[in-house]
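Heads up, the thing below is written out as C-alpha cells.
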Amino acid sequence: MVQTAINKGRMMTSMKRIELFGWKFTITPARKILTFIAAFSIAAMVIRLITGFSLLTNLNDDWPWGLWIAFDVLTGVALAGGGYSTALVVHILHRDKYHPVARGALLTSLLGYILVMAGLFLDIGQWFNFWRPFVSWGHASVLFEVFWCISIYTTIQVLEFGEIVTEKIGIKLHRFFKKILPVLMIIGVVFPTLHQSSLGALFLIAVHKVYPLWWTEYLPVFFLMSSFFIGPAMVCVESALAGKFFGHKVSLNVLSGLARISGRMMVLYLGLKIFDLFERGVVGLAFLGNLEGNMFLLEIIVGVAIPIGIVFSRFGKTRNGLLVYGVLTSGGVILNRMNTVFTSMVSYSSGAYFPSIWEFIVSIGLISIGCLLYSFIVENFNIFDHHPSQRSDKHDNQLSV
Amino acid sequence: MSKGVLVDITKCIGCGSCTVACKMWNKLEYDNKVPSIGEDATLNDKNWTVVVQSSLNNAKGESVWRFAKQQCMHCVDPACASACFSRALQKNADGAVVYYPDLCVGCRYCMIACPFDVPKYEWSKAAPQITKCQMCSSRIAKGEAPACVAVCPTGVMKFADRQELINEAHLMLKRDDRYMKTVYGEHEVGGTCWLYVSDVPFDQLGFKSKLGSVPLPSYTHSFLKNVPVIALGWGVLLTGMSFYARRRNEIAKAKQAKRNGTDGNQQGEDDDFDEED
C-alpha cells in the first residue's frame with residue numbers, strides 16, 4: 001500500500017515536469033490533450049501517405065485543392081509572416097524598442113514554415129518525388145518560385161535560430177552565427193516578400209475560376225500587404241497567450257506601437273482594395289447579398305475596417321483592445337485566404353466539397369504539434385528573456401528549482 | 001509546324017468509336033460508374049476523351065441531338081505547362097501537350113490552371129498521377145493521326161497543320177451558312193490545337209464561351225518577370241536602410257551619452273546584434 005502510494009506520488013511529480021538529459025518539459029492538462037491530438041493526427045498522416053487521398057479526404061476532380069492547401073499552406077504562411085515583418089522593423093529599421101517581441105515572432109514564424117512544409121508534403125500525390133523541382137526547373141511557374149523561396153527561407157530561419165540555439169548547445173559556434181545574422185536578416189526579409197506575394201500570384205492564372213471580388217492583377221500585392229500586417233496582429237495574440245501561460249508580459253507601449261505600424265499598412269490595403277474594386281467596376285458584386293458578396297463584406301468590415309478603427313482609438317491602447325484587434329485582423333487574413341480558395345470558386349465548381357473529418361484532424365494535429373514545439377522551445381531556450389532585465393533572474397531561479 | 005485537329009460537330013453521330021480507340025491505344029480501363037458517351041459523359045482519369053450528347057433546338061427551332069467530343073484542347077500557349085513547377089507537362093513543337101509522369105510531384109496546380117478543366121487525377125490510387133489526352137504524341141511522331149481521328153467512321157475530324165485547318169474552317173463557314181460564324185479554338189486563351197465548327201451555339205454544347213483571347217501564362221509572366229528586379233532592388237534597399245538606421249541610432253546614442261557626460265563613441269559602436277549578449 002505504502003509502496004503504491006509512493007509510486008503514485010512519484011508519478012504525480014514526474015507528470016508535472018519531465019527532465020531528460022537537461023531538457024525540460026512541463027506537462028499540463030492542455031498539453032496532454034495536444035499530445036493526444038498530435039499522435040492521433042500523425043497516425044492519420046501516415047495512413048494518408050500510404051493509401052493516397054480517397055480514403056481520408058473529400059478531394060475530387062472539381063476540387064483539387066482543399067483544406068490542406070487553403071489552411072495549412074496559404075494561411076500558415078500568412079500567419080508566419082510575423083517573422084519577417086518583425087525582423088524588418090527590429091533588425092533592419094533598428095526600432096530597438098520592439099526587440100522584446102523579435103525572438104518570439106521568429107520562433108512562431110520558423111515553426112509556421114516547418115508546419116507549412118509538412119502540410120505541403122501531405123498534400124502532394126507523389127510525395128517521394130518532392131525534390132523534383134530542385135532539378136527539373138519549371139521556372140515559368142509561380143509555384144516554382146513559391147517552392148524555392150519557402151525552401152530557402154526555412155533554411156535561413158533555421159540558421160537565424162542557430163544564434164539562439166548556440167546559446168545553449170554548440171556554444172563554440174555562437175560567434176559565427178552572430179556574425180552572419182545581419183546578412184541572414186536581409187535575405188530573410190527579401191525571400192518572404194517574394195513568396196508571400198507569389199502565393200497570391202498562384203491564382204492569377206485561374207482568371208476564369210476565381211470570383212471577380214478576389215481575382216485582380218493586384219492579388220500578389222494584396223497577399224504581400226496582408227502578410228505584413230498580420231505579423232503584428234499575431235504578435236499581439238501571441239503575447240496575450242504567452243502572458244497567460246508563460247508569464248511573459250510585453251509592454252503595452254511596444255504592442256500598441258507595432259499595432260500602429262500594422263494599422264497604417266491596413267489603411268493602405270483597404271484604400272487599394274476599394275480603388276481596385278472601382279477600377280474594375282465590380283463594386284456592385286459586394287452588395288448582391290449572395291454568398292460571395294457577404295463573405296467579402298465580412299472579410300473587409302470585420303477583418304480590416306473594424307481593426308483599423310480599434311488601433312487608432314483609445315481602445316487600441318489597452319491590452320484587451322490589442323487582443324481584439326489581433327484576433328480580428330488575424331481572423332480577417334485567414335478568412336481572406338479561405339475566401340480566395342473556397343468561396344471564390346464555389347460558383348465556378350459544380351461539385352460540392354467540404355473537408356472530411358480526417359482533413360480537419362490532420363490540420364488541427366499540425367497546429368497541436370506546433371503548439372507543443374513552441375512550448376518546449378520556450379521552456380528550454382531564451383526566447384522571451386534574452387534582454388538583461390529583472391525578470392531573467394527570477395526566471396533562472398525558477399528553472400533551477 | 002504545329003499540328004491540329006478540326007472537328008465538325010455537324011458530322012458526329014455519337015457512336016463513341018473515338019472513345020474506344022482512345023482507351024485501346026492508351027490502355028485505359030472502362031469506368032463502370034462514369035460513362036464516356038451520352039448526356040452524363042465526363043472526363044476523368046480513365047476517360048481521356050468523351051462524347052457529350054446534348055438535346056437542343058437548332059436555328060429553325062427543330063429539336064435536335066448534337067454530340068461534342070471533349071478532350072485536352074492542346075493550347076498553343078498552355079496554362080498547365082506554364083503552371084507545372086517540375087516540367088511534368090511540356091508543349092511539343094508538333095502541338096501536343098505531353099505529360100511526363102516521372103517528373104510529376106502531384107501538386108495538381110495544372111488542374112487549377114487549365115481553363116478547360118482537362119487534367120484529371122487518379123484519386124483512388126496510392127501514388128496518383130495526372131491524366132489527360134496526349135494527342136497520341138507517339139503516333140504523331142510517326143506521322144500518323146491520333147487514334148480517335150484515325151478511327152472515326154463519319155469523318156468528323158481532320159488532322160493537319162493547325163494554320164491550314166483554320167483556313168479550311170473559315171472557307172467552310174463562308175460556303176455553308178448553317179455554321180456558326182466562329183471557329184472555336186482559333187482565339188480562345190490564345191488559341192488551341194483542337195478546333196471546332198458547329199451549326200449550334202458553342203455554349204449550348206458545353207463549351208466555355210467567355211475565355212477571351214489572352215494566353216493565361218501571360219498573367220503569371222507579367223508577375224514573374226518583375227521578380228528578379230524586385231528581389232535585387234529590395235535587397236539593396238534593405239541593406240541601405242539597415243546601415244542608415246544603425247548609423248542614426250549610433251549618432252542618437254552618442255548625443256545622449258555626451259549629454260550624460262560619458263564617452264559616447266565607445267557606446268556608439270555597439271550595434272544591435274551585440275546587444276543581445
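This one's a predicted model, so the numbers in the text were calculated from it and none came from an experiment.
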Problem set entry | Enclosure of A:K179 NZ (heavy-atom neighbours >12, cutoff 6.0 Å) | no

Exercise. Checking B:K120 against chain A: side chain, backbone, both or neither under 4.5 Å from a heavy atom?
Worked result: both

Exercise. Would a 4.5 Å heavy-atom cut-off, applied to side chains only, mark A:P133 and B:S86 as touching?
Worked result: yes

Seminar exercise, completed: Applying a strict 4.5 Å limit to non-hydrogen atoms, the region of A:Y348 in contact with chain B is side chain

Exercise. Within the side chain of A:H208, is there an N or O that forms a donor-acceptor pair under 3.5 Å with the backbone of B:L211?
Worked result: yes

Exercise. Top residue by heavy-atom pair count (under 4.5 Å) with chain B, among A:G52, A:A201, A:A140, A:S141?
Worked result: A:S141

Exercise. To the nearest 0.5 Å, what is the distance between CZ (A:R132) and CZ (B:R87)?
Worked result: 12.5 Å

Problem set entry | Segment of B:K210 engaging chain A (4.5 angstrom heavy-atom cut-off) | backbone

Exercise. Most heavy-atom pairs under 4.5 angstrom with chain A, which of B:S222, B:A88, B:P217, B:A231?
Worked result: B:A231

Seminar exercise, completed: Of the listed A:L202, A:T193, A:L143, A:V190, the one with the largest count of heavy-atom pairs under 4.5 Å with chain B is A:L143

Exercise. What part of A:T57 is in contact with chain B, defined as an atom under 4.5 angstrom from a non-hydrogen atom: side chain, backbone, both or neither?
Worked result: neither

Problem set entry | Other residues, nucleotides, ligands: >12 heavy atoms within 6.0 Å of B:K208 NZ | yes

Exercise. Hey, are B:R108 and A:D123 close enough for a salt bridge, meaning a charged N less than 4.0 Å from a carboxylate O?
Worked result: yes

Exercise. In this structure, which one of B:L238, B:L237, B:V236 forms a side-chain contact (heavy atoms from CB on, under 4.5 Å) with A:I186?
Worked result: B:L238

For this session: Let me know if B:V214 has heavy atoms under 4.5 Å from chain A in its side chain, its backbone, both or neither.
Result: neither

For this session: May I ask you to name which of B:L43, B:I230, B:D45, B:D102 has the most heavy-atom pairs under 4.5 Å with chain A?
Result: B:D102

Problem set entry | Exceeds 12 heavy-atom contacts within 6.0 angstrom, atom CZ of A:F121 | yes

Problem set entry | Whether A:E145 side chain and B:L224 backbone form a donor-acceptor pair below 3.5 Å | no

Exercise. So, does A:K209 use its side chain to make a donor-acceptor pair with the main chain of B:I112 at under 3.5 Å?
Worked result: yes

Exercise. For the rings on A:W65 and B:Y109, is their centre-to-centre separation under 6.0 Å?
Worked result: yes

Exercise. For A:F53, is it the side chain, the backbone, both, or neither that has a heavy atom closer than 4.5 Å to a heavy atom of chain B?
Worked result: both

Seminar exercise, completed: CD of B:E122 to OG of A:S54, rounded to nearest 0.5 Å, is 11.5 Å

Problem set entry | Residue pair B:C107 / A:I124: nearest heavy atoms and the distance that separates them | CA-CG2, 4.2 Å

Exercise. Contact part of A:V207 toward chain B, heavy-atom cut-off under 4.5 Å: side chain, backbone, both or neither?
Worked result: side chain

Seminar exercise, completed: Looking only at B:C114, B:S218, B:C104, the option with the highest number of non-hydrogen pairs under 4.5 Å against chain A is B:C104

For this session: Could you tell me the separation between the OG atom of A:S197 and the CZ atom of B:F223, rounded to the nearest 0.5 Å?
Result: 4.0 Å

Seminar exercise, completed: Taken to the nearest 0.5 Å, the spacing of B:C80 SG from A:I205 CD1 works out to 8.5 Å

Exercise. Which atom pair, heavy atoms only, marks the closest approach of A:P182 to B:R246?
Worked result: CB-NH2, 4.3 Å

Seminar exercise, completed: Bottom line for A:F128: the part with an atom under 4.5 Å from chain B's heavy atoms is side chain

Seminar exercise, completed: So CG of A:L93 and OH of B:Y244: to nearest 0.5 Å the spacing works out to 11.0 Å

For this session: Show the numbers, then the answer: is there a side chain to side chain contact (heavy atoms under 4.5 Å, CB included) between A:F203 and B:Y219?
Result: CA-CA 10 Å; A:F203 295 92; B:Y219 289 102; over 6 Å; no

Seminar exercise, completed: What one should report as the nearest heavy-atom pair of A:N129 and B:P101 is ND2-O, 4.3 Å

Exercise. When only pairs under 4.5 Å are counted, which of A:W127, A:W148, A:F144 shares the most heavy-atom pairs with chain B?
Worked result: A:F144

Exercise. At their closest point, which heavy atom of B:A127 faces which heavy atom of A:Q126, and how far apart are they?
Worked result: O-NE2, 3.1 Å

Problem set entry | Within-4.5 Å side-chain heavy-atom neighbours: A:V189 and B:W234 | yes

Problem set entry | Heavy-atom contact with chain B under 4.5 Å, split by part of A:L59 | both

Problem set entry | Polar side chain donor-acceptor pair, A:N60 to B:W123, under 3.5 angstrom | no

For this session: Would you mind telling me which of A:V135, A:I92, A:I69, A:L204 has the largest number of heavy-atom pairs within less than 4.5 Å of chain B?
Result: A:I92

Problem set entry | Closest contact, heavy atoms only, A:G125 versus B:Y121 | CA-OH, 3.1 Å

Problem set entry | Beyond-backbone contact of B:D117 with A:D61, side-chain heavy atoms, under 4.5 angstrom | no

